[in-house]
Amino acid sequence: MAQGQMAPGIVSGRLSSDELTSNFTDLHPPLAPHEAAVAADRCYFCYDAPCVTACPTDIDIPLFIRQIQAAQPQAAARTIFDQNILGGMCARVCPTETLCEEACVRETAEGKPVEIGRLQRYATDTLMAAEEHPFDRAAPTGKTVAVIGAGPAGLACAHRLAMLGHDVVIHESKLKAGGLNEYGIAAYKSTNDFAQAEIDWLLKIGGIAIETGSALGDGISLDGLVQNYDAVFLSIGLAGVNALRAQGADKDGVRHAVDFISDVRQADELAKLPVGRNVVVIGGGMTAVDAAVKSKLLGAEHVTIAYRRGRDAMGASRYEQDLASSQGVRILTNVQPVAVHGNGSAAEIELEYTTSAGGSLTGTGETVRVPADQILKAIGQTLEGAPEGLELDGNKIAVTDAGRTSVTGVWAGGDCAAGGEDLTVTAVAEGRDAAMDIHANLTT
């Protein structure tokens with residue numbers, strides 16, 4: 001029996017299993033063939049299309065939409081996969097509202113862009129459902145490449161290298177491949193275990209071995225990889241989490257939002273997942289929104305996002321902010337945490353109002369207390385366990401050209417590498433481009 005939203009503390013079963021199943025269905029249901037045809041008809045098929053320029057993976061968007069219009073969704077999928085082998089996941093999680101769809105001429109003229117993301121999903125799902133792989137491996141080169149990390153960048157790099165005839169070994173620290181696609185994407189954006197299905201489909205290219213539970217620094221050194229492989233690609237992500245600099249931040253009920261999101265993603269039964277009655281998420285990016293919305297969908301009565309700057313500075317797009325609001329999440333801006341109150345466990349969070357002048361953020365001294373038995377920290381992640389000898393740029397691995405690091409024979413991409421946005425689609429582009437550079441290096 002569901003305990004109800006008003007049960008005190010952090011408890012499981014706030015909603016019934018039926019309610020939870022309904023809450024965690026697809027955020028954007030897939031298009032039916034007729035709907036896809038109608039959506040494709042809205043495209044102007046622009047010359048020098050701005051949507052292509054806005055796509056980090058440079059997918060030929062007008063071409064694949066024209067192929068859908070011509071009732072050739074599998075050909076459209078091939079066009080997508082040529083540039084983005086994880087096009088199925090990107091169709092689900094890409095912030096298209098700030099990328100290709102924001103640049104769409106229809107958006108500029110009418111405020112309603114072509115539904116590029118949903119059309120991409122329609123095409124890629126059609127081809128993947130046929131259980132075929134659109135690419136064949138080239139003749140073996142005899143070269144072997146190590147990829148460290150099976151997230152989007154690592155998978156994209158591995159697939160392109162395997163397609164070009166190289167053998168690839170992926171070392172992944174977790175028990176499942178996929179990185180943030182598996183552990184960090186909101187469950188309502190990627191349903192039906194899609195991340196693993198996509199990996200199984202990707203591996204059909206052949207030539208890729210994945211060793212899970214295999215971490216850099218745990219019996220594996222960068223020097224050893226350089227000696228034993230012809231090239232190395234690092235896509236180790238960002239495992240560290242910034243500290244919440246507030247008194248009482250060590251109380252029970254305070255945890256990392258990324259861990260909370262992972263727990264929801266990996267849960268066999270959502271009704272067994274505990275969530276607070278009053279949840280406060282600290283941060284302003286997509287992780288904060290995902291954690292807040294998931295809390296609400298799990299049955300939390302009150303969920304608040306607290307962000308230290310104004311709405312325009314939030315990392316989450318206006319679409320994501322509106323999604324949170326539509327689910328009943330309150331967004332407080334210009335507040336920063338100063339203390340967590342409670343006897344051993346969190347009961348309230350004290351927030352100080354902030355003001356910004358000349359880019360500098362300062363507290364005003366005025367505070368407000370918000371009930372909070374669960375506090376989720378979504379305040380950014382940091383590089384952890386970078387191998388010695390690698391030059392860093394700030395707190396990320398310094399790279400030049402297509403991901404070359406300061407160590408000969410070692411490339412890096414994805415969230416761990418400096419430059420670029422921390423997006424799945426950007427990670428895919430960096431992995432693909434590094435693979436092409438590695439291939440050129442190995443074959444000249």
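For the residue pair Gln69 and Asp41, a side-chain donor N or O sits within less than 3.5 Å of a side-chain acceptor on the partner. In this model, a donor atom of one side chain and an acceptor atom of the other lie less than 3.5 Å apart for Asp290 and Tyr188. Using modelled atom types, one finds no donor on one side chain facing an acceptor on the other under 3.5 Å when comparing Ser295 with Gln374.
The one candidate from Leu119, Asp82, Thr124 that meets the side-chain contact (heavy atoms from CB on, under 4.5 Å) condition with Phe64 is Leu119. The only member of Thr443, Thr141, Thr144 that meets side chain to side chain donor-acceptor pair (under 3.5 Å) when paired with His166 is Thr141. For the side-chain contact (heavy atoms from CB on, under 4.5 Å) with Val410, the lone residue among Leu222, Ile438, Ile397 that qualifies is Leu222.
The shortest distance between side-chain heavy atoms of Leu216 and Leu225 falls below 4.5 Å.
Note on ring orientation: taking the six-membered ring where Trp is involved, the planes of Phe135 and His159 are perpendicular (angle over 60°, cut-offs 30° and 60°).
Counting all heavy atoms, side chain and backbone alike, Trp201 lies closest to Pro134 at CZ2-CD, 3.4 Å. Shown here for Glu97 and Glu320, the closest heavy-atom pair between the two residues is OE2-CG, 4.2 Å.
Geometrically, Lys294 does not engage Phe260 in a cation-pi contact defined by less than 6.0 Å to the ring centre and at most 45° from the axis.
Within 6.0 Å of atom CD in Gln196, more than 12 heavy atoms from other residues, nucleotides or ligands are found, so the atom counts as buried in its surroundings.
The pair Asp167-Arg137 meets the salt-bridge criterion, since a charged nitrogen lies less than 4.0 angstrom from a carboxylate oxygen. Using a 4.0 Å cut-off between a side-chain N of Lys or Arg and a carboxylate O of Asp or Glu, Arg42 and Glu110 qualify as a salt bridge.
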